[in-house]
Number of protein chains: 2
Amino acid sequence: MSTLGLKLRELREQSGLSLRKAAMQVDIDVAILSKMERGERKFSKELVLKLADLYKANSHKLVIDFLSEKLLYDLEDEDFGLEALKVAEKQLKYKKQKNV
Amino acid sequence: MSTLGLKLRELREQSGLSLRKAAMQVDIDVAILSKMERGERKFSKELVLKLADLYKANSHKLVIDFLSEKLLYDLEDEDFGLEALKVAEKQLKYKKQKNV
DNA sequence: TTATATTTGACACATTTAGTCAACACTAAG
DNA sequence: CTTAGTGTTGACTAAATGTGTCAAATATAA
């Protein structure tokens with residue numbers, strides 16, 4: 001089960017919104033939101049932002065979860081996933097510092 | 001310029017293989033290999049493995065570079081890329097430990 | 001029953017990605 | 001100059017993925 005989906009479902013419920021109403025507010029089909037909350041389809045970043053706004057939640061953390069989920073998806077069943085994350089981290093830090 | 005592409009180009013040259021010959025050996029079109037080495041197209045993992053084999057190189061490191069490049073691609077222009085990498089790392093460690 | 005909420009699957013549409021091919025430019029050798 | 005070898009480019013098609021739509025099925029409660 002998707003962490004992000006779970007979180008967004010909880011936030012929706014805390015906002016007292018039904019799936020239908022929430023979906024309508026962010027202008028997507030109910031079916032899609034249902035599948036996304038259950039991890040059957042991927043969220044888009046734009047939707048995460050829209051939902052964060054609708055639920056009045058911290059978009060920062062949700063976006064990080066969104067990205068992290070995307071990364072983990074790339075590393076599914078990879079033996080060297082952890083090493084790859086570390087190499088990516090190193091290169092990202094370098095990039096940031098050098099502003100490349 | 002792609003790190004992986006650069007490395008694989010160097011390895012090819014060290015093996016004394018022309019683009020055409022290498023491409024033929026791994027059963028792809030020359031154009032594709034040319035573009036991949038220059039970072040214009042993405043490698044597939046399978047191809048990286050085939051090339052590592054052809055060049056008698058350490059596939060381990062090349063695969064890690066391949067994955068890392070994929071991760072960084074996901075994080076392009078993201079403000080919280082580093083945070084996302086760290087969250088992903090944490091979750092991957094947890095997964096590994098729990099064998100989920 | 002009636003109403004509301006969620007889930008499911010089939011389908012079409014669009015976008016992305018992968019592969020094919022021929023032509024181009026450059027260099028070195030004959 | 002011609003030939004052969006190198007790598008690069010762009011146009012095109014095909015395959016794969018992703019996204020959105022819809023209707024029906026299921027569930028729960030009033």
Side-chain angles (χ1 to χ4, degrees), chain A residues 1-52 54-55 62-63 65-78, chain B residues 1-52 54-55 62-63 65-78:
Chain A
M1 174 61 138
S2 144
T3 308
L4 182 61
L6 264 175
K7 284 189 186 172
L8 284 169
R9 169 152 291 189
E10 274 176 24
L11 285 168
R12 175 173 61 78
E13 286 167 350
Q14 281 164 23
S15 303
L17 288 168
S18 74
L19 208 48
R20 268 198 170 69
K21 285 179 185 164
M24 208 193 294
Q25 295 282 334
V26 296
D27 202 41
I28 58 166
D29 194 279
V30 207
I32 297 179
L33 188 55
S34 167
K35 284 168 189 166
M36 283 175 167
E37 286 188 353
R38 284 171 303 109
E40 204 181 309
R41 286 217 185 171
K42 291 177 211 156
F43 285 96
S44 70
K45 192 186 166 189
E46 291 63 40
L47 186 60
V48 171
L49 291 174
K50 276 190 188 177
L51 290 173
L54 177 62
Y55 305 149
L62 290 172
V63 168
D65 278 345
F66 163 73
L67 290 172
S68 153
E69 210 153 274
K70 196 149 76 156
L71 299 178
L72 289 173
Y73 183 80
D74 282 344
L75 299 178
E76 259 192 344
D77 307 316
E78 288 293 345
Chain B
M1 173 62 137
S2 142
T3 308
L4 183 61
L6 264 174
K7 285 188 185 173
L8 285 168
R9 169 153 290 191
E10 274 177 23
L11 285 169
R12 175 173 62 78
E13 286 167 350
Q14 281 165 22
S15 304
L17 288 168
S18 73
L19 209 48
R20 276 196 167 71
K21 283 181 185 164
M24 207 193 295
Q25 294 283 333
V26 296
D27 203 42
I28 58 166
D29 193 280
V30 207
I32 297 179
L33 187 55
S34 168
K35 285 167 188 167
M36 284 175 168
E37 286 187 354
R38 284 171 302 109
E40 204 181 308
R41 285 217 186 172
K42 290 177 213 155
F43 285 95
S44 70
K45 192 188 167 189
E46 290 64 38
L47 186 60
V48 171
L49 292 173
K50 276 189 188 177
L51 290 173
L54 178 63
Y55 304 149
L62 290 172
V63 167
D65 279 344
F66 162 74
L67 291 172
S68 154
E69 212 153 272
K70 197 151 73 156
L71 299 179
L72 289 173
Y73 183 80
D74 282 344
L75 298 179
E76 259 192 343
D77 307 317
E78 288 293 345

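Just so we're on the same page: letters track the sequence lines, and every chain starts at 1.
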Could you tell me the separation between the [atom1] atom of [X] and the [atom2] atom of [N], rounded to a whole number of Å?
X        : N       : atom1 : atom2 : answer
Asp29(B) : dA18(C) : CG    : C1'   : 11 Å
Leu19(B) : dC26(C) : CG    : P     : 18 Å
Leu33(B) : dT20(C) : CG    : P     : 13 Å
Met36(A) : dT7(C)  : CE    : P     : 14 Å
Lys45(B) : dA18(C) : NZ    : C1'   : 19 Å
Ile28(B) : dA18(C) : CD1   : P     : 12 Å
Lys35(B) : dC21(C) : NZ    : C1'   : 10 Å
Lys21(A) : dT4(C)  : NZ    : C1'   : 9 Å

Report task. Indicate the atoms forming the closest heavy-atom contact of Leu33(A) with Ala23(A), along with that distance. Result ->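 The answer is CD2-N, 3.8 Å.
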Query raised in the report: Between the side chain of Glu78(A) and the main-chain N/O of Leu67(B), is any donor-acceptor distance below 3.5 Å?
Result: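 Checked: no pair found.
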**Report entry** Check: Leu54(A) main-chain N/O paired with Gln25(A) side-chain donor or acceptor under 3.5 Å
**Finding:** no
Query raised in the report: Less than 4.5 Å apart, any side-chain heavy atom of Leu75(B) and any of Leu71(A)?
Result: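 Touching, per the 4.5 Å side-chain cut-off.
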Query raised in the report: Think Lys42(B) has a side-chain N or O under 4.0 angstrom from the OP1 or OP2 of dT17(C)?
Result: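 Checking dT17(C) against Lys42(B), a side-chain N or O does come within under 4.0 Å of OP1 or OP2.
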Query raised in the report: Phosphate oxygens OP1/OP2 of dA18(C): is one of them under 4.0 Å from a side-chain N or O of Arg41(B)?
Result: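 No, no such contact exists.
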Requested in this report: Mind checking side-chain contact (heavy atoms from CB on, under 4.5 Å) for Gln14(B) and listing every partner two or more places apart, or none if nothing turns up?
Outcome: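 Result, side-chain contact (heavy atoms from CB on, under 4.5 Å) vs Gln14(B): Glu10(B), Leu11(B).
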Report task. Check Leu19(B), Leu6(B), Ile32(B), Leu51(B) against Glu37(B) for a side chain to side chain contact (heavy atoms under 4.5 Å, CB included) and give me the one that passes. Result -> Leu19(B)
Requested in this report: Check every nucleotide of DNA chain D for an atom under 4.0 Å from a heavy-atom of chain A, then give the first and the last such nucleotide from 5' to 3'.
Outcome: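 Nucleotide range with atoms under 4.0 Å of chain A: dG18(D) to dC22(D).
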